[in-house]
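The structure under discussion appears below in the form of structure tokens.
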Amino acid sequence: MPSYNPPLRDMQFLMHEVFKVTDDYQQMPAHAEVDADTINAVLEEAGKFAANVAFPLNISGDAEGCVLNKETHEVTTPKGFKQAYQKYVEGGWPALSCDPAYGGQGLPFAVNSALYEMLNSANQAWTMYPGLSHGAYEALHAHGTEEQKQLYLPKLTSGEWTGTMCLTEPHCGTDLGLLRTKAEPQADGTYKITGNKIFISAGEHDFTPNIVHLVLARLPDAPPGSKGISLFVVPKFLVNPDGSLGERNPIFCGALEHKMGIHGNATAQINIDGAIGTLVGQPNKGLQAMFVMMNAARLGVGNQSLGLTEVAYQNALAYAKDRLQMRSLSGAKAKDKPADPIIVHPDVRRMLLTAKAYAEGGRALVTYCAFLIDKEFNHPDEKVRKDSAELVALLTPIVKAFITDNGWTATTMSQQVYGGHGFITEWGMEQFVRDARINMIYEGTNGVQALDLLGRKVLGNQGASLKKFGKLVAQLVEEEGVNEKMAEFINPIAYLGEQMTKFTTEIGFKGMQNPDEVGAASVDYLRVAGHLVFGYFFARMAQVALREIAKGSTDPFYQAKLQTARFYFAKLFPETATLMRTARAGSRVLMDTDAALA
């Protein structure tokens, strides 16, 4: 059976030693009273919930899955899931970072993000139920009418109700401009929604008496394409003005998808037959409102793979220390045993360190983005808010795609450490691999994220956002450039930072001549950018570790951090050279291939 230990020390290291979040929180009225002790106490309790309540249900939930009653359209979740959610609500966890005006605790988003990493390590399928609710809360908080906020936000904040996002239809996935769901205006100001949605995570369940669906649909006079999409809130049960539940709304689960992973989550086909909904935001401006939820979801999906990377690494490490197989090439290490534990073998260490580096780099990036979101919405300085928002927009596709690609690599390598046992269900590793695979696909495939990064976030503003991040890299290089002990961490990012400008400009010019050049280079480009970001954070983490060691600290945590950073720069970061070469190969080798693909 697998196990899980929340990585509290690394979370605290990032928040308090690398990013020093409380220094900034003191400048924000909303978080001025949040100190390190408060953050640590919350994370410790969150870790206990994840490890003791959610994690024990992971394997059983995967084996049992969800069951749909086709007559009542009700879904029964795996044994223990509903009870775990009740404990989650009782603990106040849904309200952690929500607005106090609606019953929230008002804690920083960075704390909430750490909670979700631990929950994703413990049980991704279960965590998706409250996770989708948080996105629905964010969309309504940003774009809902005052009436909608008063009606729905307190219930979503408390966890009494949950929420979903209903975007995808059978004939369209990422291209939402093709959706056909209709919204007919009614005399009382409501709308009758009709259509079919698929792949709706947590679309139906037995956790709560009501589910608040956010649905994309078209008004009768809507222009074609993405400019004609509106957003509606369509509850499972209609809500009376006093907040009590009214009639059952005709928005039903018609079927559950049979998937290779996340079996414990109800991925629903939703049939909408004249269900009553109310407009969120402006007519035909639904995508802008939904993007609040979609961007939150993209950051959340990166966090899902981060969680799986961490738990897979932990279990592979424990197995490698215990499993005896052959002798070390440099001589027996466990002379009192018939063979050495497999952790003595270089290639096993390569796989373990790859997973560890991707977990620690991913955690730094996710924590940083969550911290930026706190500054974007709460910092008193308008320039800080604007700069933070711009950096979050730039980094979001990297969080979603780079961390999930790395998560797939990390979980499959961790599975490889187990050998044949990695394919046996009772060890738990094959489930982590299956669950990790979906994260590269939903909320916009990683190829779409790459197009978003290069085409919209970088070339779309002539590299202005990229230059903002480049300044952070340059600042660190200037700060530590003459420190010989930092050279192995600083020189690689300094060189790549310089190359990145030329690399981006070159692709931009080629793209002006032929837009397919951007599409051909985008996936490689995103991984290069991802390594620049990870490299920057590993350099910052190494900087702190070296300073603490210089002060006389004997905490092995700092030596471990340096060793992981050295591995990352020696074995993973050099991938950037190959990626830039393949990106420069151009579109012809892909597009002039009609004969090959006939």
Side-chain angles (χ1 to χ4, degrees), residues 54 57-58 61-62 65-68 73-78 81-82 84-85 88 94 116 119-120 122-139 156 159 161-170 172-174 176 179 196-208 210-216 231 233-236 251-272 290-305 307-308 400 404 407 431 434-445:
L57 300 172
N58 195 41
D62 179 69
C66 297
V67 178
L68 170 67
H73 305 287
E74 300 294 326
V75 167
T76 302
T77 55
F81 269 41
K82 180 178 180 179
Y85 183 76
Y88 182 77
Y116 269 87
L119 291 175
N120 284 317
N123 194 328
Q124 176 175 321
W126 180 89
T127 302
M128 290 168 68
Y129 292 100
L132 268 293
S133 293
H134 200 76
Y137 163 90
E138 294 289 353
L156 290 172
W161 298 346
T162 62
T164 74
M165 52 193 292
C166 297
L167 289 74
T168 306
E169 299 182 4
C172 71
T174 301
L176 293 172
L179 71 82
N196 298 292
K197 301 288 184 178
I198 62 169
F199 303 157
I200 309 306
S201 300
E204 179 61 45
H205 56 75
D206 54 3
F207 284 14
T208 60
N210 204 13
I211 300 174
V212 181
H213 300 283
L214 291 186
V215 181
L216 290 180
L231 179 64
V233 56
V234 186
K236 176 179 175 180
I251 178 167
F252 298 112
C253 176
L256 292 178
E257 304 293 353
H258 298 279
K259 315 179 294 291
M260 68 178 279
I262 55 171
H263 293 152
N265 194 269
T267 304
Q269 297 177 17
I270 298 292
N271 302 324
I272 315 170
M290 184 59 92
F291 263 119
V292 173
M293 193 170 187
M294 290 166 67
N295 284 330
R298 287 168 179 173
L299 293 170
V301 172
N303 212 351
Q304 288 177 339
S305 278
L308 291 172
K400 199 284 179 181
T404 60
Q431 184 189 346
R434 286 187 287 107
D435 288 355
R437 190 60 187 87
I438 185 63
N439 298 338
M440 302 158 73
I441 296 173
Y442 61 9
E443 303 312 330
T445 64

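Sequential numbering from 1 along the given sequence is applied to the chain's residues. Note that the coordinates shown come from a computational prediction; the quantities given were computed from them, not determined experimentally.
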Point to revise | The single option from Leu119, Asn58, Asn439, Asn265 passing side-chain contact (heavy atoms from CB on, under 4.5 Å) against Gln124 | key: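 Only one of Leu119, Asn58, Asn439, Asn265 forms a side-chain contact (heavy atoms from CB on, under 4.5 Å) with Gln124, namely Asn439.
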Please report the shortest heavy-atom distance between [X] and [Y], naming the atom on each side.
| X | Y | value |
| --- | --- | --- |
| Gly163 | Ser133 | N-OG, 2.9 Å |
| Met260 | Arg437 | CE-CB, 4.0 Å |
| Phe199 | Thr267 | CA-CG2, 3.6 Å |
| Gly407 | Ala436 | O-CB, 4.4 Å |
| Val215 | Val234 | CG2-CG2, 3.8 Å |
| Tyr129 | Gly264 | OH-O, 2.8 Å |

Using 0.5 Å steps for rounding, measure from the [atom1] atom of [X] to the [atom2] atom of [Y].
| X | Y | atom1 | atom2 | value |
| --- | --- | --- | --- | --- |
| Tyr442 | Thr404 | OH | OG1 | 10.0 Å |
| Tyr85 | Leu57 | OH | CG | 15.5 Å |
| Leu156 | Thr162 | CG | OG1 | 8.0 Å |
| Ile211 | Thr164 | CD1 | OG1 | 7.5 Å |
| Cys166 | Asn196 | SG | CG | 11.5 Å |
| Phe81 | His205 | CZ | NE2 | 12.5 Å |

Exercise for review: Take the angle between the ring planes of His134 and Tyr116 and call it parallel below 30°, perpendicular above 60°, tilted in between.
Suggested key: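 Tilted.
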With a 4.5 Å cut-off on side-chain heavy atoms, are [Y] and [X] touching?
| X | Y | value |
| --- | --- | --- |
| Tyr88 | Trp126 | yes |
| Gln304 | Ile438 | no |
| Leu132 | Met165 | yes |

Check your understanding: How would you list, by chain and number, every residue that makes a salt bridge (Lys or Arg N to Asp or Glu O under 4.0 Å) with Glu138, sequence neighbours excluded?
Key ->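 Salt bridge (Lys or Arg N to Asp or Glu O under 4.0 Å) check on Glu138 returns nothing, list empty.
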**Study point:** salt bridge (Lys or Arg N to Asp or Glu O under 4.0 Å) involving Glu74 - partner list, sequence neighbours excluded
**Key:** Lys236
Check your understanding: Taking His73 for the side chain and Cys253 for the main chain, is one N or O donor matched with an acceptor at less than 3.5 Å?
Key -> yes
Point to revise | Donor-acceptor under 3.5 Å (Asn210 side chain, Trp161 main chain) | key: no
Exercise for review: Decide whether Thr77 and Asp206 meet the rule of one side-chain donor and one side-chain acceptor closer than 3.5 Å.
Suggested key: yes
Revision key, fill the gap. Tested for salt bridge (Lys or Arg N to Asp or Glu O under 4.0 Å) against Lys197, the lone hit among Glu204, Glu257, Glu169 is Glu169
Check your understanding: Would Arg434 and His263 count as a side chain to side chain contact (heavy atoms under 4.5 Å, CB included) if you check the C-alpha gap in whole Å, the side-chain angles of each, and the deciding distance to 0.1 Å?
Key -> CA-CA 10 Å; Arg434 286 187 287 107; His263 293 152; 3.4 Å; yes
